[in-house]
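A short worksheet on the structure shown next.
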2 protein chains.
Amino acid sequence: MDARTKILETATRLFATHGYDSTSLSHVAKAASVSKALIFWHFETKENLFQAVLSRTIEPYTIDVEDLDGLSEPEQLRRLIDLYYEFVTENVFSVRFFLSLFLREEKRPDPLFGRILDLYRLYQQILGDVIARGQACGTLSREVDPGLHAGLVLSALNGVLVQGFMGEPEPQPPQRLVEQLKTTLVDRLQVQ
Amino acid sequence: MDARTKILETATRLFATHGYDSTSLSHVAKAASVSKALIFWHFETKENLFQAVLSRTIEPYTIDVEDLDGLSEPEQLRRLIDLYYEFVTENVFSVRFFLSLFLREEKRPDPLFGRILDLYRLYQQILGDVIARGQACGTLSREVDPGLHAGLVLSALNGVLVQGFMGEPEPQPPQRLVEQLKTTLVDRLQVQ
DNA sequence: GTCTATATACAGATAGAC
DNA sequence: GTCTATCTGTATATAGAC
């Protein structure tokens with residue numbers, strides 16, 4: 001592996017676990033087995049390195065909602081919930097990283113920041129649309145407001161995620177919570 | 001106000017917004033209008049100051065579940081949910097602070113850390129107990145597992161909280177999400 | 001208790017050899 | 001591209017006057 005990549009990988013790991021300020025370039029250099037000067041040669045400044053790390057990290061963040069066709073609306077909802085949960089479990093490390101950035105004034109990577117929020121809103125809208133369609137088709141109860149219910153589902157998912165961050169062993173394992181979520185927030189909404 | 005208190009208040013604010021490492025004692029000294037040396041005279045080290053800040057911050061963290069008597073179980077649940085939400089809104093600042101600490105290896109204030117988790121688990125257990133009692137009395141549906149449902153309710157509450165952190169304006173304001181939460185996760189569980 | 005002045009360490013960043 | 005050596009600022013922490 002070339003030095004540049006090595007630096008990027010190491011910096012990603014260290015920034016994510018210790019944060020921006022707590023991660024010194026001397027530390028990165030040592031962990032990546034290169035000199036400090038080489039980091040500056042490749043990335044100019046610490047800030048630049050950080051931006052490069054963020055871009056690299058956010059790269060796989062996309063929503064592809066395939067193969068929902070042919071499923072009933074409740075089934076689509078269950079599938080979307082699973083997709084969301086799969087995504088965050090596959091990216092726990094960086095999701096945790098970004099969440100910690102959101103909580104601090106420290107570093108708000110505004111452009112990327114906005115991109116994450118856009119993705120998030122898009123996902124919420126997709127959920128809301130499916131609920132609305134289900135109500136129109138008569139497969140889902142009309143008792144709830146689609147947008148609001150979508151917001152609740154996502155909140156619950158995020159809550160499960162955060163609960164996972166707060167340290168094991170939890171009384172309720174995340175997967176069972178997600179199951180409970182689908183049962184209560186989707187199945188109970190179905191029109192029999 | 002005496003200097004010691006002034007330092008504590010200032011440090012609390014700065015640590016909470018910028019984190020441990022990003023907050024220099026020079027900065028604290030300037031913001032509190034005292035000399036750096038005075039901070040060391042009162043608190044010995046930066047680490048000590050931080051611990052003092054944490055203790056002070058965690059002080060009001062208690063659960064007092066009063067006046068639930070006389071309420072039906074569903075009403076008790078609604079009340080408990082409101083209490084939780086009131087607590088976090090009154091303490092947004094420090095809750096956000098602690099959550100950010102949980103997400104970083106940076107500083108894990110282990111003793112206090114544990115106390116927060118204990119409170120959290122206690123709250124979850126209270127919720128679970130109320131649900132179980134409701135099921136025994138026949139006011140709540142037996143379809144759900146009490147502990148699991150309690151976990152889901154708390155996750156959803158935490159999710160609403162986090163959603164609030166991620167930046168306004170959100171499509172769904174927190175209060176409406178909490179209402180939706182109570183409707184869906186409590187009312188729909190009632191036996192008519 | 002509160003200050004100014006200072007010691008010491010390490011941060012981000014540059015110069016220049018190879 | 002990669003290094004060693006070095007500059008400059010600022011961090012935590014101390015000494016000692018008042």
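Reckoned from all heavy atoms, side chains included, excluding hydrogens, waters and symmetry mates. Not measured: the values here are computed from a predicted model. Proteins come first, then strands; the chains are lettered A, B, ... in the order of their sequence lines, and each starts at number 1.
Note: CG (B/L38) to P (C/dC3) measures 5 Å, nearest angstrom. The interatomic distance linking A/H18 (NE2) with C/dA11 (P) rounds to 13 Å, in whole Å. If you measure from atom CH2 of A/W41 to atom C1' of D/dT4, you get 18 Å, rounded to the nearest angstrom.
Counting non-hydrogen atoms of neighbouring residues, nucleotides and ligands closer than 6.0 angstrom, the CD atom of B/Q190 exceeds 12 such neighbours.
Taking B/T10 as the reference, nothing meets the side chain to side chain donor-acceptor pair (under 3.5 Å) condition, with sequence neighbours excluded.
B/F102 has its ring centre no less than 6.0 Å from the ring centre of A/F165.
In terms of heavy atoms, A/H149 sits closest to A/L185 at NE2-O, 2.8 Å.
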field: Protein proximity profile, nucleotides 5-18 of chain D - base contact B, sugar-phosphate-only contact S, no contact -, cut-off 4.0 Å on heavy atoms
entry: ------SBBBB---
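Ring-plane geometry between A/Y20 and A/F15 is classed as parallel, the angle between the planes falling under 30 degrees on a 0 to 90 degree scale with a further cut at 60.
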